Number of protein chains: 2
Amino acid sequence: MLRLTKKADYGLMALKYLAEQQTLAASIRNGANPAQSAKDIAEAYHIPPQLLAKILQTLAKAGLLVSHAGTNGGYSLARSAHDITAFEVIRAIDGPLFITSCITIHGTCDLAGHCTIKEPLRKVNDSIKDLLNGIRISDLIDPAETNPSAALAGGLVSIGL
Amino acid sequence: MLRLTKKADYGLMALKYLAEQQTLAASIRNGANPAQSAKDIAEAYHIPPQLLAKILQTLAKAGLLVSHAGTNGGYSLARSAHDITAFEVIRAIDGPLFITSCITIHGTCDLAGHCTIKEPLRKVNDSIKDLLNGIRISDLIDPAETNPSAALAGGLVSIGL
DNA sequence: GCGAAGCAAGACCAAAGCGGTCGGAGATGT
DNA sequence: ACATCTCCGACCGCTTTGGTCTTGCTTCGC
């Protein structure tokens with residue numbers, strides 16, 4: 001029903017990987033954050049290296065990653081894994097798309113006047129946005145399996161139309 | 001970021017329209033549910049008639065609508081507007097797609113083993129599903145504007161990873 | 001200083017999904 | 001039985017997406 005592009009998927013995986021490496025390195029020795037190359041990450045997850053490279057470039061341009069050129073270069077997180085949300089990553093890669101074509105970037109509806117379902121859907125849109133905003137990269141590394149499904153099964157969804 | 005196809009949009013609009021007409025007809029005279037033609041609905045919302053026709057066909061096949069061929073034929077809701085959720089409509093039109101390509105219809109990940117973000121995203125997926133499941137066609141007709149944004153601004157989003 | 005390793009940035013391409021159109025098949029009311 | 005209205009399935013072009021190739025620039029090791 002709702003699709004997230006493969007690029008965004010890859011982006012999230014890459015960020016998770018970087019976060020893992022970073023915390024790992026920090027625990028071993030408080031040393032310089034070791035900038036993983038795009039190739040390394042691509043190999044770790046078996047995804048096309050050049051495609052990932054392009055995604056990482058995008059994320060770097062968005063300010064989520066910092067790139068380091070030259071030999072032994074690579075990418076590292078621009079911020080703490082705890083301060084990067086899934087929403088930011090997706091937005092950076094897929095752009096500011098919305099759940100419905102009604103809600104354009106200008107807030108105007110193509111079918112202005114006729115489209116009467118805009119408002120309810122906008123609220124769904126906002127809910128999803130909040131949902132993704134609540135997920136941080138640090139939440140992805142080692143799921144920790146805290147209360148597996150209780151919150152979902154429960155009545156967390158109570159959108160007021 | 002997350003996109004809902006135009007078809008699903010149209011489908012929701014059409015169902016809303018049918019729900020309106022149905023309750024309207026019921027209030028005027030408790031008469032036979034008047035089967036609106038695809039053309040009528042399309043004209044009401046200024047959307048391509050033949051495209052809407054195809055969408056309505058899909059919805060009919062999914063059991064959400066009943067079609068009535070021949071002169072003065074058309075479509076009418078198969079169930080009460082209160083018993084049809086937005087999720088059903090979207091699923092019927094866009095198919096059982098998922099937020100991430102990792103979560104296929106078989107539940108297996110293309111990158112089995114490597115993809116480690118599957119589980120958190122699946123929960124997001126379920127949350128969105130629940131969200132849409134909570135919206136009924138009857139909620140769309142005349143938004144009623146009950147507590148406009150309180151529920152959203154509040155802490156409704158508390159997905160447990 | 002030179003060359004290799006790695007990022008950066010652009011064009012480019014194939015496949016798939018989406019939006020939209022057309023001509024027929026079938027039912028209905030007269 | 002006919003004309004008409006509607007549903008229905010096949011068809012088609014376009015945009016987006018996923019992915020590749022090429023070129024250039026920057027930095028590090030020697």
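Residue numbers begin at 1 in each chain, while the letters A, B, ... track the order of the sequences. None of these values were measured; they are calculated from a predicted model.
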**Request:** Keeping the roles fixed (side chain from D139(A), backbone from R136(A)), state whether a donor-acceptor pair exists under 3.5 Å.
**Result:** yes
**L65(B) CG to dT6(D) C1', straight-line distance once rounded to whole Å** = 15 Å
**Message:** So that I can tick it off, tell me whether E88(B) and R79(B) are bridged by a salt bridge, with the cut-off set at under 4.0 angstrom between side-chain N and carboxylate O.
**Reply:** yes
**Message:** dA5(C), OP1 or OP2 - any side-chain N/O from S37(A) closer than 4.0 Å?
**Reply:** no
Between the protein and nucleotides 12-23 of chain D, list every N/O to N/O distance that falls short of 3.5 Å.
| from | atom 1 | to | atom 2 | distance (Å) |
| --- | --- | --- | --- | --- |
| dG18(D) | OP1 | K6(A) | N | 2.6 |
| dG19(D) | O6 | K54(A) | NZ | 3.1 |
| dT20(D) | O4 | K54(A) | NZ | 3.4 |

**Fill in**
Here the distance between atom C1' of dC7(D) and atom CD of Q36(B), to the nearest Å, is 16 Å
**Message:** In this structure, how many angstroms lie between the P atom of dG6(C) and the CG atom of L56(A), rounded?
**Reply:** 14 Å
**Fill in**
In this structure, CD of Q21(A) is separated from NZ of K16(A) (nearest 0.5 Å) by 9.5 Å
**Nearest-angstrom distance from the residue atom CG of L52(B) to C1' of dT21(C)** = 14 Å
**Prompt:** Rounded to the nearest Å, what distance is computed from the CG atom of residue N72(A) to the P atom of nucleotide dC30(D)?
**Reply:** 10 Å
**Prompt:** Among I41(B), T5(B), L52(B), L15(B), whose side-chain contact (heavy atoms from CB on, under 4.5 Å) with Y10(B) holds?
**Reply:** L52(B)
**Item:** dA8(C) OP1/OP2 closer than 4.0 Å to side-chain N/O of S67(A)
**Value:** yes
**Protein-nucleotide distance (K39(B), atom NZ; dC7(D), atom C1'), rounded to Å** = 14 Å
**Item:** Donor-acceptor pair between D40(B) and S37(B) side chains, under 3.5 angstrom
**Value:** yes
**Request:** Check the side chains of D83(B) and S80(B) for a donor-acceptor pair under 3.5 angstrom, ignoring hydrogens and angles.
**Result:** no
**Prompt:** Rounded to the nearest Å, what distance is computed from the CG atom of residue L59(A) to the P atom of nucleotide dA9(C)?
**Reply:** 13 Å
**Complete:** Rounded to whole Å, the CD-C1' distance (Q57(A) to dC25(D)) equals 12 Å
**Message:** Any base atoms under 4.0 Å from A60(A), or only sugar-phosphate, or nothing? Heavy atoms, all strands.
**Reply:** nothing
**Fill in**
Taking every heavy atom of Y75(B) against every heavy atom of A53(B), the minimum-distance pair comes out as OH-O, 3.9 Å
